[in-house]
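So the structure is just underneath, and the comments pick up after that.
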Amino acid sequence: LALHQHSHPHSIKIPGDITLGGLFPVHARGHAGVPCGEIKKEKGIHRLEAMMYALDQINSDPELLPNITLGARILDTCSRDTYALEQSLTFVQALIQKDTSDIRCSNGEQPIIRKPERVVGVIGASGSSVSIMVANVLRLFEIPQISYASTAPELSDNNRYDFFSRVVPPDSYQAQAMVDIVKALGWNYVSTLASEGNYGESGVDAFVQISREAGGLCIAQSLKIPREPKPGEFDKIIKRLMETPNARGVIIFAHEDDIKQVLEAAKKSNLTGQFKFVGSDSWGAKSSPILDQEEVAEGAVTILPKRASIDGFDQYFTTRSLENNRRNIWFAEFWEDDFRCKLTRPGIKIDPEKKKCTGEERISRDSHYEQEGKVQFVIDAVYAMAHALHNMHQDLCPGAMGVCDKMDPVEGRLLLSYIHSVNFNGSAGTAVLFNENGDAPGRYDIFQYQMTNTSNPGYRVIGQWTNNLRLNVEEMQWTGGSRQIPDSVCSFPCRSGERKKMVKGVPCCWHCELCDGYQFQADEFNCEMCPFDMRPTLNRTACRPTPIIKLEWHSPWAVIPLFLAILGILATLSVIITFIRFNDTPIVRAAGRELSYVLLTGIFLIYFITFLMIAEPGTVVCAFRRLLLGLGMCITYSAMLTKTNRIYRIFEQGKKSVTPPKFISPTSQLMITFILISVQVVGVFIWFGVMPPHTIVDYDEQRPPNPELARGILKCDIADLSLICCLSYSILLMVTCTVYAVKSRGVPETFNEAKPIGFTMYTTCIVWLAFVPIFFGTAQSTEKMFIQTTTLTVSMSLSASVSLGMLYIPKVYVIIFHPEQNVQKRKRSFKAVVQAPPIRAKKIIKLML
């Protein structure tokens with residue numbers, strides 16, 4: 001191998017008026033300390049020949065650099081940056097001043113030293129790491145450089161690489177195109193995978209940087225493939241990618257061999273169809289990375305700089321032979337490799353296993369030939385340099401034949417400005433131009449590898465990118481021929497009524513939390529409470545008014561109280577009518593006509609309040625509720641209290657004196673009753689003045705955890721405490737009346753209903769004692785208003801019914817069905833009644849009354 005290496009010639013020299021340098025990876029990187037390895041047919045020889053083809057075309061073009069011949073000094077970089085640096089020193093030899101004053105020939109004369117040709121510009125290099133190394137040297141000597149394949153984003157730094165230009169777009173454009181593709185697919189959560197080295201790492205860095213600036217795209221993992229991967233390394237990479245299974249999209253900047261092994265590892269792990277790859281131009285439309293891994297690669301989207309096959313080069317290259325291409329010092333080596341034969345060389349024995357080259361072999365006829373992808377860009381790079389020199393010559397040497405003094409030597413910085421100003425149609429018919437950083441515009445074809453629904457499985461162009469993306473999504477196919485774009489998102493969109501709770505540090509990941517209770521979704525990230533009079537809509541995206549209800553006439557809670565009230569009113573009216581008709585009969589007179597009518601009026605009002613309690617609340621209804629709620633009971637129990645008090649005083653006075661007590665006449669009794677009633681009336685009117693009657697809608701009473709059951713209740717503004725206060729005076733009268741009824745229990749049973757009044761009060765107390773726990777025990781119920789209204793009205797109707805039944809129904813029964821008992825009887829004096837024995841007293845009382 002060492003002998004083979006030493007046999008490599010140094011460079012290709014093509015004479016000309018102006019010399020261009022050329023850097024090409026004619027050989028691969030060597031091993032074990034040897035700089036150069038095997039010859040690279042496509043990336044080396046094809047590209048090198050493309051430069052010589054372009055020089056031939058330019059030199060034969062009478063319109064471009066007329067009367068000026070372009071020459072070249074072409075070097076081999078051996079795909080190694082350090083070796084390329086050593087070789088590139090050849091380009092700057094003419095610019096290095098050498099002191100030869102102390103050098104003399106044997107005859108004492110000063111030697112004639114041939115000055116090396118001056119290289120005005122360099123075409124190359126191929127690899128980004130090689131271009132970076134060479135560019136650092138060339139800029140020191142102000143030699144412009146145009147690359148045909150280096151795409152590293154850092155070469156766009158105009159401060160560090162100001163003499164570097166390229167006819168291929170940088171990876172930053174490629175990364176931008178890939179970001180646009182990912183966004184067009186609706187992905188926001190992807191992983192990245194890069195081969196260790198300048199190409200892979202800088203490509204991924206550019207992708208991450210652009211995605212961060214664009215926003216809306218998160219990187220789940222950024223993995224790196226080592227230069228020398230250990231056994232099982234790719235299995236570990238696949239395992240790590242599966243740690244974030246939602247990130248199905250994988251952005252891959254890797255070399256062909258690495259891509260192939262990644263696909264193999266995915267297939268080995270039974271993850272066919274799990275990952276959707278977006279590959280850089282190193283994958284492009286090549287078949288070698290996906291060979292035998294087509295199922296795993298199905299749906300992969302790849303990118304490749306827009307390019308075309310140059311027919312003129314094909315015709316030129318396929319006609320090259322050992323005889324007509326002696327200027328290419330590496331062509332013989334290419335010939336041996338391409339045709340798998342051996343040329344006869346002096347001192348070197350032919351390997352018996354290889355056939356001898358005849359020289360009659362022909363490219364494409366006797367060997368496979370396919371134009372290398374960067375040939376177009378090599379030709380465009382040479383033409384860009386030629387157009388810059390042409391424009392420079394027209395400006396500096398107008399009308400001059402050949403190179404004039406102003407272009408001898410060519411000033412590098414001035415030439416650079418002309419390079420940046422060129423704008424012409426290149427070999428593929430597309431414009432060749434440079435931006436302020438010396439970068440060519442980004443033009444990419446977007447491919448997808450498809451297997452189904454196509455007669456010929458393979459790569460299909462689905463779009464292109466030229467500063468913006470044009471993607472035909474409807475032409476895309478995924479695993480199994482599906483047209484549905486697979487998801488690659490960290491979190492799926494939240495449903496209506498759910499807010500996003502972001503995962504710290506990962507802006508594309510969140511948890512969805514339901515806006516619960518009475519909350520609605522105010523925005524993407526927040527839930528807010530609805531106003532007190534509203535409830536959320538079904539999808540919780542807004543609030544809607546809470547329905548307002550009231551106690552309806554047909555409600556079960558109203559039917560029973562209304563039924564009791566109607567029966568009670570009919571019974572009360574019947575008693576009143578009977579009493580009016582038999583107004584002058586003994587029973588009616590004995591019952592105390594005046595107070596009886598007052599008492600019956602109170603009973604009627606007690607029944608009537610049921611209708612007001614169920615009627616739709618309004619200002620008038622609420623006013624009458626306040627007035628009549630306690631008034632009916634107040635009238636009833638004021639009359640009863642006056643009666644029991646009169647009886648009690650009569651018999652207490654009779655024990656002491658024969659003189660009747662004061663204020664026992666009907667007029668006095670009415671006055672006392674109305675005074676007691678006036679206290680209630682005055683209290684109610686004071687209440688009217690302090691807090692005028694009005695309605696409210698109570699939204700708190702029926703506000704269960706489920707907002708769909710929430711209701712606002714229309715009711716009068718009467719609090720529970722106000723209601724009790726309103727009834728408290730009547731309850732006080734009732735209790736006082738009960739006390740007098742107890743004290744009067746020894747009175748003869750026929751004396752003015754003493755005992756019926758007592759039984760009435762005992763029963764009424766029991767009814768109201770039962771009312772209190774029911775009324776307040778339902779304060780937390782969602783049916784509170786209905787239960788309390790029903791309880792109150794039923795309790796009042798029952799107490800009225802007890803009074804009516806105990807005091808007046810027996811009398812009406814006697815008046816109607818036993819009129820013979822309703823006759824006048826003889827009276828006795830008050831003293832006789834009091835002093836008479838019990839048996840006689842009963843008879844005497846009847847006579848008195």
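For the single chain, residues carry numbers from 1 onward in sequence order.
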Please list, chain by chain and in numerical order, all residues satisfying side-chain contact (heavy atoms from CB on, under 4.5 Å) with [X], sequence neighbours excluded.
X	value
Q293	L263, E264, K267
T358	E360, E361
Q371	S309, I310, F313, D314, Y369, V375
S195	I225, A254, H255, D258

Once you round to the nearest 0.5 Å, how far does [atom1] of [X] lie from [atom2] of [Y]?
X	Y	atom1	atom2	value
T77	M133	OG1	CE	12.0 Å
M51	I123	CE	CD1	5.0 Å
Q477	E298	CD	CD	8.0 Å
D171	D281	CG	CG	6.0 Å
E411	Y418	CD	OH	10.5 Å
I74	N328	CD1	CG	7.5 Å

N/O donor-acceptor pair under 3.5 Å between [X] side chain and [Y] backbone:
X	Y	result
N59	T69	no
S126	S150	no
K342	E336	no
S280	F253	no
T318	I363	no
N435	G438	yes
S88	A84	yes
D337	E333	no
H393	G402	yes

**OP:** Apply side chain to side chain contact (heavy atoms under 4.5 Å, CB included) to the pair L155 and S147, showing each step before the final yes or no.
**Re:** CA-CA 10 Å; L155 286 166; S147 174; over 6 Å; no
Once side chain to side chain donor-acceptor pair (under 3.5 Å) is applied, do any residues pair with [X], and if so which ones, sequence neighbours excluded?
X	value
N423	none
S172	none
S321	E323, N324

Mind listing the closest non-hydrogen atom pair of [X] and [Y] along with its distance?
X	Y	value
S129	D81	O-CB, 3.7 Å
V120	L415	O-CD2, 3.5 Å
A297	W283	CB-CZ2, 4.2 Å
Y173	G442	CD1-N, 3.4 Å
V26	D76	N-OD1, 3.0 Å
I419	I146	CG2-CD1, 3.9 Å

Subject >> Derivation of the side chain to side chain contact (heavy atoms under 4.5 Å, CB included) call for D439 and F434 >> reply: CA-CA 5 Å; D439 293 330; F434 304 96; over 6 Å; no
Answer yes or no: is there an ion pair linking [X] with [Y], defined by an N-O contact shorter than 4.0 Å?
X	Y	value
K224	E201	yes
E49	R320	no
D56	R327	yes

**OP:** Go through the steps to decide whether K43 and E372 satisfy the test salt bridge (charged side-chain N to carboxylate O under 4.0 Å, His left out), and finish with yes or no.
**Re:** CA-CA 7 Å; K43 291 187 177 181; E372 200 275 331; over 6 Å; no
Is a donor from one side chain sitting under 3.5 angstrom from an acceptor on the other, for [X] and [Y]?
X	Y	answer
R73	S11	yes
Y161	S156	no
H420	S165	yes

**OP:** For residues 373-390, pull every pair meeting side chain to side chain donor-acceptor pair (under 3.5 Å), keeping only residues two or more places apart or in separate chains.
**Re:** D380-S427, H390-Q394
Within the 4.5 Å heavy-atom criterion, are [X] and [Y] side-chain neighbours or not?
X	Y	answer
I251	L193	no
R443	P305	no
W330	I12	yes
F164	Q145	yes
M52	I14	yes
W335	L322	yes

Once ring-ring contact (aromatic ring centres under 6.0 Å, His included) is applied, do any residues pair with [X], and if so which ones, sequence neighbours excluded?
X	result
F334	F317, F331
Y449	Y459
F377	none

Step through the shown structure and confirm whether more than 12 heavy atoms of other residues, nucleotides or ligands are within 6.0 Å of [atom1] on [X].
X	atom1	answer
R365	CZ	yes
R340	CZ	no
K13	NZ	yes

**OP:** Can you tell me which residue pairs pass the salt bridge (charged side-chain N to carboxylate O under 4.0 Å, His left out) test with a partner in residues 124-143, sequence neighbours excluded?
**Re:** R139-D162, E142-R413
Original post:
Can L20 and V122 be said to form a side chain to side chain contact (heavy atoms under 4.5 Å, CB included), step by step?
Top reply: CA-CA 6 Å; L20 301 181; V122 174; over 6 Å; no
**OP:** Given side chain to side chain contact (heavy atoms under 4.5 Å, CB included), test F91 with L23 step by step and report yes or no.
**Re:** CA-CA 11 Å; F91 299 145; L23 291 172; 3.8 Å; yes
**OP:** Name the orientation class of the two ring planes belonging to Y444 and W465 (parallel below 30°, tilted from 30 to 60°, perpendicular beyond 60°).
**Re:** tilted
